[in-house]
Amino acid sequence: MHSIFSRINNISAFLSSCTMALLACVALSSFLFTADPKGTLSISPVKVFPSKTNRYPRRIQEMGFVNFNISADLTPLFHWNTKQLFLYLEAEYQNAQGVNNTVVIWDRIVRRPEDAVINFVGKNKYAFREISSSFKKVPSSYYSLKYNVMPHVGVLTYGEAARTIEPVDFVWEEHV
Amino acid sequence: MFTEELRAFRRLGFRHVLLQVLNFASVIASGLMIWKGLGLITNTESPIVVVLSGSMEPAFYRGDLLFLTNPASERYHTGDITVYKIPGADIPIVHRVLETHDVSKTVKIPGLDTKQPGDQLLLTKGDNNYVDDIELYQGLDWLEKKHIVGKVRGHRSHLVNIRQIPTLRRLRHDRDERLPSVKIRITRYPRPIGVNTARIIVAVLTRPRPPSYLVSSSV
């Protein structure tokens, strides 16, 4: 009854339930941190160029080129259970066929609070394309900077740090 | 060999042995019930999955546990991490949604059959990959609701580093490292084989294959 194995069994069972309880507490504790930092986002009119598709070399498709500025201080999102932030810039628009589209055009992984002060000037990282292959009947689109807080243990949370108030137009450049 | 054990069984009697069998069966059955019950609540075939690939690093490492839900009314948004399974592929893939296209009226999209209102077309990408997943879709242009196993809701970091367990090391030959072979198959026009292409072909032909019993994503 009181052999060494039953003692080891009891201790390890107790330890594992304690660990589970501790992990649950850590996961719950991240609900206490309700920071909602805001930043600014500015986008210049989006230039559209015809291009070839990757997959179908003979199909022509329009690509949008977005130049943007982001400035945001996201350090309040870092607490003891934050593993990393996944920041992404998203374009939202509705096309002529009534399809609501959201397209991620830029992202960044922030792993340290020191890097969470974002001052970024640049252009899109991922192709900005329309599924009907042309932006011709799309008047304009909205842009927003969103984040995903990824914990060590617990629930993934999402938020929005900045948004363009006015819609941003598409501009077709003349080609020679 | 088993004379001692047999003697012990004979001493305990037939009823006691039956009781032991019943106990054992009830342990297994309750485990199965918890697993299937979780699956019923979360509406996904495997509510808890283990990460097998490094394509979502540094968010998820190999060996991390992910908790999935997939309610029937679920909409997917950019930034969500989904687990999807392409028909014909044996391993489910954990990647982040890059594009969503919500259809609001009946529409014909090039390369697809007619889409009804409420349908959603998705494109995904692994955080650690440079390009989106279109090469992994095995000829599909978009992911749809029917391909999605679940959305990642919660996460627990690995307690044991899977890379340090020698017997599990072969799991590292996962989808991402198999990407070159997929690319070669999709190339449409014959091109002269350069040194790099030849090297990729050699690497693909000589790659070690994981034994089939190791490749599974559900716990």
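In what follows, chains are A, B, ... by sequence order, proteins preceding strands, each numbered from 1.
Note: A/Phe86 leads A/Phe86, A/Tyr88, A/Tyr147 in heavy-atom pairs under 4.5 Å with chain B. The candidate with the highest count of non-hydrogen atom pairs below 4.5 Å against chain B, out of A/Asn95, A/Leu156, A/Asp107, is A/Leu156. By number of non-hydrogen pairs under 4.5 angstrom with chain A, the leading residue of B/Val152, B/Asp132, B/Leu98, B/Asp64 is B/Leu98. Between chain B and the options A/Gln94, A/Lys146, A/Arg129, heavy-atom pairs under 4.5 Å are most frequent for A/Arg129.
The shortest distance between side-chain heavy atoms of B/Lys125 and A/Tyr126 falls below 4.5 Å. Inter-residue side-chain proximity for B/Glu99 and A/Ile131 is flagged as unmet; no heavy-atom pair is nearer than 4.5 Å.
Among all heavy-atom pairs drawn from A/Val99 and B/Ser104, the shortest one is N-OG, 4.5 Å. In plain terms, the two heavy atoms of A/Ala96 and B/Lys105 that are nearest each other are O-NZ, 4.5 Å. Counting all heavy atoms, side chain and backbone alike, B/Ala59 lies closest to A/Lys83 at O-NZ, 2.7 Å.
A distance of 11.0 Å separates CD of A/Glu92 from CG of B/Asp102, quoted to the nearest 0.5 Å. From B/Met56, atom CE reaches atom CD1 of A/Ile109 across 8.0 Å, with rounding to the nearest 0.5 Å. Taking CZ from B/Arg156 and NE2 from A/His152, the interatomic distance works out to 13.5 Å, rounded to the nearest 0.5 Å. For the atom pair A/Glu130 CD and B/His101 NE2, the distance stands at 7.5 Å (nearest 0.5 Å).
Counting heavy atoms of neighbouring residues, nucleotides and ligands inside a 6.0 Å radius, atom CD1 of A/Ile4 does not exceed 12 of them. Under a cut-off of 6.0 angstrom, the local environment of NZ in A/Lys47 is sparse, with at most 12 non-hydrogen atoms contributed by other residues, nucleotides or ligands. Heavy-atom contacts from other residues, nucleotides or ligands closer than 6.0 Å to NZ of A/Lys52 number 12 or fewer.
Contacts between A/Glu90 and chain B at a heavy-atom distance below 4.5 Å involve the side chain alone, from C-beta outward. For a residue to count as touching a neighbouring chain, one of its non-hydrogen atoms must lie under 4.5 Å from one of that chain's; by this rule A/Ala27 does not touch chain B.
Residues of residues 77-86 of chain B that come closer than 4.5 Å to chain A, counting heavy atoms only, are B/Thr78, B/Gly79, B/Asp80, B/Ile81, ordered by residue number.
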